[in-house]
Enquirer: 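The structure's right below; bear with me while I get my questions together.
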Amino acid sequence: MQAVAPAVASTPSDEFFLARQPILGRDQKLVAFELLFRAAAEHEDAQLTDYAAATAAVISHASQLGMKQVVGEQTAFVNVDEVVLMSDFVRFLPPDQVILEILETVCPTPALLARIRELKELGFKFALDDVIGHSEQVSKLRNLVDVIKIDLQGVGRDELADLVRTLRGPHQKLLAEKVETVEEFQLCLELGFEFFQGYYFARPAILSGRKITPSELVLLRLLDLIHAHADNEAIEAAVKRDALLSLNLLRLVNGHLEGTGAPRVESISQALAQLGRSQLQRWVQILLYSGPEGHVELNSPLLQMATTRGRLLELMTLTLRPGDVAAADTAFTVGIMSLMDALFGVPMREILDKVDISRDVRAALLERDGDYGAMLSIAESLEHAGPGRDLGAALGRLRLSVKQVRDIELAAFGWVRDLGAEVH
């Protein structure tokens with residue numbers, strides 16, 4: 001088969017986005033992203049007509065930008081069909097940072113099996129996609145792949161345990177995909193799956209009688225003071241009421257200053273002066289997602305998603321309203337607060353009742369209304385790689401081009417990656 005160079009991409013590269021879906025380990029930390037095509041045109045599905053050309057375009061972008069720009073330090077799962085596997089442009093991907101995910105439509109011919117062995121010798125790893133049973137295709141490919149992805153929505157609960165027993169091997173790890181509920185995650189955890197993919201971690205599981213903790217209330221109160229333009233003394237007093245918050249703010253500011261030659265900050269008043277209101281608001285929002293000891297863990301998929309949304313909305317706003325820093329700060333707030341119901345296990349309306357936020361922010365978070373609501377809808381659509389109709393409508397409403405949003409998306413990925421370096 002004739003080789004195809006990555007620059008070929010006969011499908012116009014402006015016609016799709018790159019969606020990233022998180023893959024988690026057993027400890028619920030982020031271990032990888034699956035890269036998916038996200039169709040931009042209203043009439044198209046996420047699966048573009050010419051899959052190989054679209055894959056070539058994605059590989060071309062990834063190789064030009066560097067895979068680290070797209071997925072940071074994580075591994076990237078990249079879907080491949082027969083044309084992609086047999087062509088040369090797959091070699092443009094870094095074998096140490098990707099897992100080639102063999103689509104369920106691939107026919108394991110002798111030539112294709114030989115090609116997989118050849119690529120394995122070059123250091124590539126493989127996953128088998130959308131497995132719902134022990135088929136002939138699975139039998140032929142099983143010993144050549146490193147990860148087997150079982151589609152939970154295609155397997156009955158009574159059949160799942162048997163399928164896991166059949167497919168588990170010493171050299172293959174099992175990944176449960178399309179995990180939509182915490183109950184499904186718990187079942188797969190008990191069955192011994194190593195990896196999990198799906199949005200169960202971002203679903204608002206509203207817990208009956210759940211109360212926001214005192215430390216969470218301190219952060220929400222501090223956000224309230226910032227939104228109300230309270231004076232520095234009131235904000236400093238609110239920070240000092242919580243020893244852990246004081247410690248974390250000092251650590252974050254000094255981490256930010258590291259390597260700049262600036263002297264270490266030793267007091268809360270110095271930290272607040274160094275940060276400024278806008279940065280303080282941002283760090284308080286990020287601290288809402290911190291662990292029980294106040295440690296900010298950027299490998300938390302919920303925080304990754306929230307900060308990515310925040311930065312996406314901020315950059316969209318600056319594209320539409322250049323220089324409007326206040327509007328950009330509001331947009332970041334909408335993005336990062338959009339997952340607080342999943343974080344706290346409390347209805348969004350109840351959380352918003354504890355914070356004095358603007359009508360625009362409330363409308364965006366509760367109804368997806370207004371410009372901020374449209375931007376949030378775009379961010380949510382980009383996460384899922386589903387049909388592009390809603391995404392196309394939101395883009396039209398805001399008068400944003402596909403290329404603008406794709407550039408914004410890549411910039412947001414890079415910013416979240418840099419943020420991770422700052423807080424460690």
Side-chain angles (χ1 to χ4, degrees), residues 22 24 27-30 179-186 189 196 198-228 238-239 241-245 248-249 280-310 312-313 329-370 372-373 375-377 379-380 383-384:
L24 314 185
D27 59 0
Q28 294 303 277
K29 299 291 173 57
L30 189 65
V179 186
E180 298 302 321
T181 67
V182 174
E183 290 74 22
E184 287 175 345
F185 162 68
Q186 290 293 348
L189 196 64
F196 309 86
Y199 288 101
Y200 64 96
F201 66 86
R203 298 264 185 259
I206 305 306
L207 307 174
S208 177
R210 161 78 158 95
K211 299 293 182 191
I212 296 176
T213 67
S215 60
E216 292 162 353
L217 278 172
V218 168
L219 290 168
L220 290 174
R221 172 64 182 149
L222 188 51
L223 280 180
D224 220 7
L225 289 170
I226 296 167
H227 291 147
V239 172
R241 280 194 200 103
D242 190 294
L244 194 54
L245 174 58
N248 276 314
L249 275 177
L280 174 63
Q281 176 174 307
R282 187 155 305 195
W283 281 120
V284 171
Q285 289 163 340
I286 289 169
L287 283 169
L288 279 166
Y289 290 83
S290 63
E293 289 81 37
H295 180 62
V296 177
E297 178 54 79
L298 258 293
N299 270 351
S300 151
L302 207 58
L303 178 53
Q304 273 265 343
M305 190 178 285
T307 49
T308 302
R309 284 185 185 183
L312 278 169
L313 268 65
D329 285 343
T330 300
F332 186 89
T333 293
V334 170
I336 202 160
M337 288 184 75
S338 65
L339 288 163
M340 288 209 306
D341 50 354
L343 174 69
F344 293 148
V346 172
M348 182 65 79
R349 197 173 296 274
E350 188 177 321
I351 295 166
L352 298 185
D353 286 344
K354 297 184 184 300
V355 189
D356 182 19
I357 56 169
S358 70
R359 189 175 299 170
D360 286 350
V361 173
R362 179 177 282 271
L365 290 170
L366 293 178
E367 312 294 340
R368 302 300 184 262
D369 199 18
Y372 297 128
M375 291 179 203
L376 181 53
S377 294
E380 290 170 327
E383 292 161 2
H384 287 274

Enquirer: Which heavy atom of A238 sits nearest a heavy atom of V218, and at what distance?
Expert: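 Smallest interatomic distance, heavy atoms only, reads O-CG1, 4.1 Å.
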Enquirer: Measuring only between side-chain heavy atoms, which start at C-beta, is L189 closer than 4.5 Å to F196?
Expert: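 They are in contact (side-chain heavy atoms under 4.5 Å apart), so the answer is yes.
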Enquirer: Rounded to the nearest 0.5 Å, how far does CG of L302 lie from OG1 of T307?
Expert: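 It comes to 9.5 Å.
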Enquirer: Could you measure the distance from the CD atom of Q285 to the CZ atom of F332? Nearest 0.5 Å is fine.
Expert: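 Rounded to the nearest 0.5 Å, the CD-CZ separation comes to 6.0 Å.
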Enquirer: Would you call L222 and L245 a side-chain contact if the rule is heavy atoms closer than 4.5 Å?
Expert: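 They are in side-chain contact.
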Enquirer: Determine, step by step, whether L339 and Y289 satisfy the side chain to side chain contact (heavy atoms under 4.5 Å, CB included) criterion, reporting the C-alpha distance in whole Å, the side-chain angles of both residues, the deciding distance to 0.1 Å, and the verdict.
Expert: CA-CA 10 Å; L339 288 163; Y289 290 83; 3.6 Å; yes
Enquirer: Once rounded to the nearest 0.5 Å, what's the spacing between atom CD1 of I357 and atom CG of L220?
Expert: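 Reported to 0.5 Å precision, the distance equals 10.5 Å.
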Enquirer: Rounded at 0.5 Å granularity, tell me how far CG in L24 sits from CD in Q304.
Expert: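 L24 atom CG to Q304 atom CD measures 10.5 Å (nearest 0.5 Å).
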Enquirer: Charged N to carboxylate O below 4.0 Å: is that the case for D356 and R362?
Expert: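 So D356 does not pair with R362 through a salt bridge.
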Enquirer: Take E184 and Y200, measure what side chain to side chain contact (heavy atoms under 4.5 Å, CB included) needs, and give me the verdict at the end.
Expert: CA-CA 8 Å; E184 287 175 345; Y200 64 96; over 6 Å; no
Enquirer: Can you give me the closest heavy-atom contact between G335 and L313, atom names plus distance?
Expert: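 Scanning both residues completely, I find the closest heavy atoms to be N-CD2, 3.7 Å.
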Enquirer: Taking side chain as C-beta onward, heavy atoms only, is M375 less than 4.5 Å from V334?
Expert: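 A side-chain contact is absent here, since even the closest heavy-atom pair is not under 4.5 Å.
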Enquirer: Taking all non-hydrogen atoms of both residues, which atom of K29 and which atom of D27 are closest, and how far apart?
Expert: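 Smallest heavy-atom distance, with atoms named: N-OD1, 3.0 Å.
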Enquirer: Nearest heavy-atom pair of A364 and G373: which atoms, and what distance?
Expert: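 Answer, listing the atom of A364 first, then G373: CB-N, 3.5 Å.
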Enquirer: Would you call R349 and D341 a salt bridge, using N to O less than 4.0 angstrom?
Expert: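 D341 and R349: not salt-bridged.
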Enquirer: Hey, what do you get for CZ (R241) to CG (L217), rounding to the nearest 0.5 Å?
Expert: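 So the CZ of R241 and the CG of L217 are separated by 12.5 Å.
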Enquirer: Within the distance-only criterion (no hydrogens, no angle test), does the side chain of N248 pair as donor or acceptor with the backbone N or O of L244 below 3.5 angstrom?
Expert: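 Side chain of N248 to backbone of L244: a pair is present.
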Enquirer: With the side chain counted from C-beta on, respond yes when V361 and L352 share a heavy-atom pair under 4.5 Å apart, and no when they do not.
Expert: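 Not in contact.
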Enquirer: Which atom names give the shortest non-hydrogen contact between A342 and A202, and what distance separates them?
Expert: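 Heavy atoms of A342 and A202 come nearest at CB-O, 3.5 Å.
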Enquirer: Show your reasoning for whether side chain to side chain contact (heavy atoms under 4.5 Å, CB included) applies to M348 and L366.
Expert: CA-CA 7 Å; M348 182 65 79; L366 293 178; 3.8 Å; yes
Enquirer: Look up atom CG in L280 and atom CG in L223, then write down how far apart they are to the nearest 0.5 Å.
Expert: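 So the gap between those two atoms works out to 8.5 Å.
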Enquirer: For residues R309 and L376, determine if any side-chain heavy atom of one lies less than 4.5 Å from a side-chain heavy atom of the other.
Expert: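 They are in contact (side-chain heavy atoms under 4.5 Å apart), so the answer is yes.
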Enquirer: Considering only heavy atoms from C-beta outward, does the side chain of S338 approach that of L365 to under 4.5 Å?
Expert: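 S338 reaches L365 side chain to side chain.
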Enquirer: Nearest heavy-atom pair of D224 and K354: which atoms, and what distance?
Expert: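 Scanning both residues, the minimum pair turns out to be OD2-O, 3.9 Å.
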Enquirer: Tell me, do F344 and E350 make a side-chain contact under 4.5 Å, heavy atoms counted?
Expert: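 No, every pair of side-chain atoms sits at 4.5 Å or beyond.
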Enquirer: Show your reasoning for whether side chain to side chain contact (heavy atoms under 4.5 Å, CB included) applies to T181 and R203.
Expert: CA-CA 8 Å; T181 67; R203 298 264 185 259; over 6 Å; no
